[in-house]
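Here the structure comes first, spelled out in structure tokens, and everything after it is commentary.
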Number of protein chains: 2
Amino acid sequence: MSSVSALQQTLAKRSYSLTRPRRLVFEALDSGQPRTMRELCQQLQTKVDRASVYRTVKLFSDLGVITRLQIGWKYKLELSDNFSHHHHHFNCQKCGALINLPESPELEAYISNLAGQSGVTPLEHQLEIQGLCATCTADVSHE
Amino acid sequence: MSSVSALQQTLAKRSYSLTRPRRLVFEALDSGQPRTMRELCQQLQTKVDRASVYRTVKLFSDLGVITRLQIGWKYKLELSDNFSHHHHHFNCQKCGALINLPESPELEAYISNLAGQSGVTPLEHQLEIQGLCATCTADVSHE
DNA sequence: ATATTTGCAAAGGCTTTGCAACCCC
DNA sequence: GGGGTTGCAAAGCCTTTGCAAATAT
């Protein structure tokens, strides 16, 4: 529950309160995979109104609590780096699996270097890789 | 016009024809910055019906002619690597500028290495960086 | 006690679809 | 000429908004 108290602090810092619906949205995202707005609403169906889920997602996004990922043509929501670990995503084009890739300080350094070369100040970034997951790679080579 | 003939070939390969609306959508994207669906529709307003723009965008996407970028909470469309050069994007959080970052073979190598460590086969990727552009970085330090 | 937040319902946008007319090969 | 495509209009979603009731501090 320590992550809920971190959320509490983040909200308080901007004079927002930690209400039941907000806690429920946070907890839904805190466990498991990134999910679509639809999935999130369905999961909270009987507990939180759709409009409140939308309002909460927007608020959390403004506060940097959640991040929006582009997965193919849809987007998914997950907790931001402040509430989980920084990582990147791999999406299998065949079976749809979504895999978290391990952190790589080397890559991070290179990314910020690349941005620096253009004179800009990098603050955040997302990397999404598509291709075939290990299982599907094996399947294809056996065909 | 050589890029239009490349499009022609891509379409023909899957038995689609190069029609006037498709050519117009392609040409609109071929020049200038990535744009939103709304901008694309407005630009083609008098020439192509909105429904056809949507159908064409979906088709082009299936054929790998265009890519969808996530810019903050909205998405934008641009020609894919096959029809332009592979590059990444920087988005200024203050003024909204969208800047293309130079290609970097080293970065590409890191990325494919990262994917390889997880046993997956990387085929495509997108990197989006947010922060402050050069001008806004200067502005902030003068404040 | 009071300002914030929620649920509900309705409105507003964006995207897709059915179908007759039209165009590309 | 004929099947793939388009335009139009209507339907379907997704998301936002107004407002009275409920809630947090």
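Per chain, numbering begins at 1; letters A, B, ... match sequence-line order.
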A/L77 CG to D/dC14 P, straight-line distance once rounded to whole Å: 14 Å
side-chain hydrogen bond (donor to acceptor under 3.5 Å, both in side chains) partners of A/E124, counting only residues at least two apart: B/Q93
Student check: side-chain heavy atoms of A/Y54 and A/M37 closer than 4.5 Å: yes
Touch class at under 4.0 angstrom, heavy-atom based, for B/K74 against every strand present: nothing
Gap between atoms CE and C1', on A/M37 and C/dG13 respectively (whole Å): 16 Å
More than 12 heavy atoms from other groups under 6.0 Å of CZ on A/R68: yes
Rounded distance (Å) that lies between atom P of D/dT6 and atom NZ of B/K47: 16 Å
Atom-to-atom span, CG of A/L24 to P of D/dT23 - whole angstrom: 14 Å
Test ring pair (Phe, Tyr, Trp, His ring centres under 6.0 Å) applied to A/F26 and A/F83, step by step: CA-CA 10 Å; A/F26 181 82; A/F83 290 85; 5.7 Å; yes
Distance in angstrom units between A/R14 CZ and D/dT25 P, rounded: 18 Å
Pair A/Q126, A/H89: side-chain N/O donor-acceptor within cut-off below 3.5 Å: no
Axis bend over the full length of the helix from C/dA1-D/dT25 to C/dC25-D/dG1, computed from five pairs that close each end, to 10 degrees: 50°
Side chain to side chain, A/V120 and B/I99, heavy atoms closer than 4.5 Å: yes
Measure all distances between protein nitrogen or oxygen atoms and nitrogen or oxygen atoms of nucleotides 1-5 of chain D, and list the pairs falling under 3.5 Å.
from	atom 1	to	atom 2	distance (Å)
D/dT5	OP1	B/S17	N	3.3
D/dT5	OP1	B/R22	NH1	3.1
D/dT5	O5'	B/R22	NH1	3.4
D/dT5	O5'	B/R22	NH2	3.2

Proximal nucleotide (of C/dT15, C/dG13, D/dG7) relative to the B/R38 side chain: C/dG13
Atom-to-atom span, CZ of A/R23 to C1' of D/dA24 - whole angstrom: 13 Å
Residues that B/S112 engages under side chain to side chain contact (heavy atoms under 4.5 Å, CB included), provided they are two or more places apart: B/P122
List, with names and distances, any nitrogen or oxygen atoms from the protein found under 3.5 Å away from nitrogen or oxygen atoms belonging to nucleotides 16-19 of chain C.
from	atom 1	to	atom 2	distance (Å)
C/dT16	OP1	B/K58	NZ	3.4
C/dG18	O6	B/R55	NH1	3.4

Check: A/T36 and A/L77 side chains under 4.5 Å, non-hydrogen atoms: no
D/dT6 OP1/OP2 closer than 4.0 Å to side-chain N/O of B/R20: no
Partner residues of A/S52 under the side-chain hydrogen bond (donor to acceptor under 3.5 Å, both in side chains) criterion, sequence neighbours left out: none
Aromatic ring pairing A/Y110/B/Y110, orientation class (parallel under 30°, perpendicular over 60°, tilted between): tilted
Aromatic ring proximity A/H86/A/H125, centre distance under 6.0 Å: yes
Nearest-nucleotide 5' precedence on DNA chain C, B/Q8 against B/Y75: B/Y75
